[in-house]
Trainee: 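This is the structure, below, for whatever I ask next.
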Amino acid sequence: MISFDNDYNRGAHPALLDALVRTNMEPCTGYGFDPYCESAKEKIRAACGCPDAQITFAVGGTQTNSLVIRAMLHEYEGVVAADSGHISQHEAGAVEGTGHKVLQVPGEDGKIRADVLKAFLDRFFGDDNHDHMVFPGMVYISYPTETGSLYTKAELTALHEICKSYHLPLFLDGARLGYGLESPACDMTMADIAEHTDVFYIGGTKVGALIGEAIVFTKNNMPAHFMTTVKRHGALLAKGRVLGVQFDTLFTDDLYFKISRHAMEMAGKLKDILVKTGCRIFMESPTNQQFIIIENEKMKKLSETIAFSFWEAYDENHTVIRFVTSWATAEEELTALEAALTALNH
């Protein structure tokens, strides 16, 4: 079976596994105070152009989102997100499970527009009854978005300016950050992300790591006793080195960016194959996620040899499916996909 179903269907990049094996028998202090975590943090600060960034590590994306949001909000506050946002749709109510409501605003191409955010905030604070309502306490976006779109630098800057005017932190979910930054459509660097957000995370799970995300607080704004909050909710690894070794390796010699670039090169070839074989593109995506509309019978046939993910029902006879490339996607897999798609038309 050739797999394009997600970008975390492989274990880890060999360089990370080599590093874990090489350091395996070395005694290290626990809970992220080991030299590998410290080295990784310094390398991430350099990559972000943010020497004062406060960094901690977590295991997975849903855990990271709920931890950051829970720690940064007061009990009477919620988090603003696009109606298509990951925390709105695909995290099984993890944020609501912390007691904080997700305040949805209409997204456009998966993104929150600055004018939409401003109108939402103006309307909330202009309502004389807002003391009876859930206060917007922060704004959540992702890069890339859930639908594979990208914020431009101008769009991110505009959102951050509005957030600052309302004293709301802007939180960027970077589960696929490397793929977004290496997209030909990207006009930002990681340093730009750090400058125009208050907290973001660098996804490792989907970008070469076995597990792990790096949370970056960019404005000397890590919540008080954040480590205690992390531990209180069962998210603190005693063997923090497992995360530190991986991120230290990812941020050595630009490995994180190199493997992300490979995924994007494969995504470009994937898109060419989809067009060449006559697939109907559902929505344009400049990232490693590509979406097509396919007849249900053809989808069933394709699934015999190719793994992909269901996105949504299009109509009674068609379905939207998603193909995803990653750091591990090989040319031979694309060749096999092209053959399978070509066979559907004969």
Side-chain angles (χ1 to χ4, degrees), residues 4-9 47-48 60-62 64-65 68 81-91 107-114 139-160 170-194 196-197 199-209 213-216 250 256-257 259-271 274 281-292 308-309 311-312 320-329:
F4 292 93
D5 58 337
N6 58 56
D7 37 21
Y8 45 91
N9 55 25
C48 294
T62 299
T64 298
N65 285 333
V68 170
D83 50 11
S84 60
H86 197 64
I87 62 171
S88 303
Q89 298 293 334
H90 292 136
E91 289 195 331
E108 183 175 297
D109 195 23
K111 299 185 284 188
I112 300 177
R113 283 183 10 205
V139 175
Y140 163 97
I141 61 173
S142 60
Y143 189 89
T145 70
E146 193 73 353
T147 59
S149 59
L150 295 173
Y151 286 90
T152 65
K153 183 178 178 179
E155 289 171 333
L156 182 63
T157 302
L159 279 177
H160 196 213
L170 178 60
F171 172 35
L172 185 145
D173 174 335
R176 295 187 170 95
L177 184 61
Y179 302 141
L181 290 173
E182 291 302 321
S183 167
C186 174
D187 67 349
M188 287 192 285
T189 64
M190 193 174 284
D192 293 322
I193 298 284
H196 298 295
T197 64
V199 56
F200 72 99
Y201 76 89
I202 301 167
T205 300
K206 295 177 179 177
V207 193
E213 326 294 323
I215 305 169
V216 184
L250 281 172
Y256 186 76
F257 301 102
I259 65 177
S260 296
R261 195 173 308 130
H262 168 78
M264 291 313 306
E265 290 169 358
M266 294 297 100
K269 293 180 180 182
L270 168 62
K271 189 170 186 178
L274 297 177
I281 303 297
F282 176 60
M283 54 189 169
E284 289 295 326
S285 167
T287 62
N288 68 318
Q289 303 178 83
Q290 298 296 321
F291 306 84
I292 67 166
F308 48 82
S309 59
W311 192 251
E312 63 182 56
V320 179
I321 61 175
R322 182 186 69 166
F323 299 95
V324 186
T325 60
S326 77
W327 59 272
T329 302

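Since the structure is predicted, the reported quantities are computational estimates derived from the model, not experimental observations. Reckoned from all heavy atoms, side chains included, excluding hydrogens, waters and symmetry mates.
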Trainee: According to salt bridge (charged side-chain N to carboxylate O under 4.0 Å, His left out), who are the partners of D192, at least two apart in sequence or on a separate chain?
Mentor: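 With sequence neighbours excluded, D192 shows a salt bridge (charged side-chain N to carboxylate O under 4.0 Å, His left out) to K153, given in chain and number order.
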Trainee: Carefully, step by step, assess E91 and T62 under the rule side-chain hydrogen bond (donor to acceptor under 3.5 Å, both in side chains).
Mentor: CA-CA 6 Å; E91 289 195 331; T62 299; 3.2 Å; yes
Trainee: Provide the closest heavy-atom pair for L159 versus I141 in the form atom of the first, atom of the second, distance.
Mentor: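 Between these two residues, the closest heavy atoms are CD1-CG2, 4.2 Å.
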Trainee: Checking V68 against Y140 for the side-chain contact (heavy atoms from CB on, under 4.5 Å) test, could you report, in this order, the C-alpha distance in whole Å, the side-chain angles of both residues, the deciding distance, and whether it holds?
Mentor: CA-CA 10 Å; V68 170; Y140 163 97; over 6 Å; no
Trainee: With sequence neighbours left out, write down each residue that passes salt bridge (charged side-chain N to carboxylate O under 4.0 Å, His left out) with D7, or none if nothing qualifies.
Mentor: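 D7 satisfies salt bridge (charged side-chain N to carboxylate O under 4.0 Å, His left out) with R176 only.
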Trainee: Kindly say whether A263 contributes a backbone atom to a donor-acceptor pair with the side chain of T325 at under 3.5 angstrom?
Mentor: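 Indeed, once roles are kept as given, a pair shorter than 3.5 Å links the two residues.
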Trainee: Check I321 against F323 and note the closest heavy-atom contact, atom names and distance.
Mentor: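 Heavy-atom minimum between the residues: CD1-CZ, 3.8 Å.
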Trainee: If every non-hydrogen atom of I259 is compared with every non-hydrogen atom of V207, which pair is closest and at what distance?
Mentor: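 What the structure gives for the nearest pair is CD1-O, 3.6 Å.
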Trainee: Under the side-chain contact (heavy atoms from CB on, under 4.5 Å) rule, collect the residues that match up with R261, sequence neighbours excluded.
Mentor: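 If we apply the side-chain contact (heavy atoms from CB on, under 4.5 Å) test to R261, skipping adjacent residues, the hits are E182, F257, K258, E265.
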Trainee: Which distance, rounded to the nearest 0.5 Å, do you find between the CZ of R322 and the CG of D5?
Mentor: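 Answer for the CZ-CG pair, R322 versus D5, is 8.0 Å.
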Trainee: Between S149 (side chain only) and D109 (backbone N and O only), is there a donor and an acceptor less than 3.5 Å apart?
Mentor: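 Side chain of S149 to backbone of D109: a pair is present.
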Trainee: Holding to salt bridge (charged side-chain N to carboxylate O under 4.0 Å, His left out), I want the full list of residues that pass it with E155, two or more places apart in sequence or in another chain.
Mentor: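 Partners of E155 under the salt bridge (charged side-chain N to carboxylate O under 4.0 Å, His left out) test: K111.
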Trainee: Quick check against the 3.5 Å criterion: does T287 have a side-chain atom that pairs as donor or acceptor with the backbone of G148?
Mentor: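 Flag set: sc T287 to bb G148 pair under 3.5 Å.
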Trainee: Are side-chain heavy atoms of V216 and I193 found at a separation under 4.5 Å?
Mentor: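 Counting from C-beta outward, V216 and I193 never come under 4.5 Å.
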Trainee: Just jot down the ring-ring contact (aromatic ring centres under 6.0 Å, His included) partners of Y143, sequence neighbours excluded, or say none.
Mentor: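 Not a single residue meets the ring-ring contact (aromatic ring centres under 6.0 Å, His included) criterion with Y143.
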Trainee: Apply salt bridge (charged side-chain N to carboxylate O under 4.0 Å, His left out) to the pair K206 and E213, showing each step before the final yes or no.
Mentor: CA-CA 9 Å; K206 295 177 179 177; E213 326 294 323; over 6 Å; no
Trainee: Would you indicate whether the side-chain heavy atoms of L150 and T145 approach each other to under 4.5 Å?
Mentor: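 The answer is no; the side chains never approach within 4.5 Å.
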Trainee: Just how far is it from atom OH of Y151 to atom CG of D187, taken to the nearest 0.5 Å?
Mentor: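 Reported value, rounded in 0.5 Å steps: 14.0 Å.
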Trainee: Nearest 0.5 Å, what's the CG-CH2 distance between L250 and W327?
Mentor: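 One finds 10.0 Å between CG of L250 and CH2 of W327.
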Trainee: Where the side chain of N288 meets the backbone of M264, is there a donor-acceptor pair that is under 3.5 Å apart?
Mentor: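 Absent.
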Trainee: Looking at H196 and A154, would you say the former's side chain and the latter's main chain have a donor-acceptor pair under 3.5 Å?
Mentor: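 No: the side chain of H196 does not pair with the backbone of A154.
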Trainee: Supply the atom-to-atom distance S326 OG to N6 CG, rounded to the nearest 0.5 angstrom.
Mentor: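 Atom-to-atom, S326:OG and N6:CG are 8.5 Å apart.
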Trainee: Among all residues two or more places apart in sequence or in another chain, which pass the side chain to side chain donor-acceptor pair (under 3.5 Å) test with S88?
Mentor: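 Checked S88 against side chain to side chain donor-acceptor pair (under 3.5 Å); zero matches.
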Trainee: Considering only heavy atoms from C-beta outward, does the side chain of M190 approach that of F200 to under 4.5 Å?
Mentor: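 When only atoms from C-beta onward are counted, F200 and M190 do touch, with a gap below 4.5 Å.
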Trainee: Walk me through whether Q89 and S84 qualify under side-chain hydrogen bond (donor to acceptor under 3.5 Å, both in side chains).
Mentor: CA-CA 6 Å; Q89 298 293 334; S84 60; over 6 Å; no
Trainee: Please state whether the rings of Y201 and F171 are parallel, tilted or perpendicular, taking 30° and 60° as the class boundaries.
Mentor: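 Y201 and F171: tilted rings.
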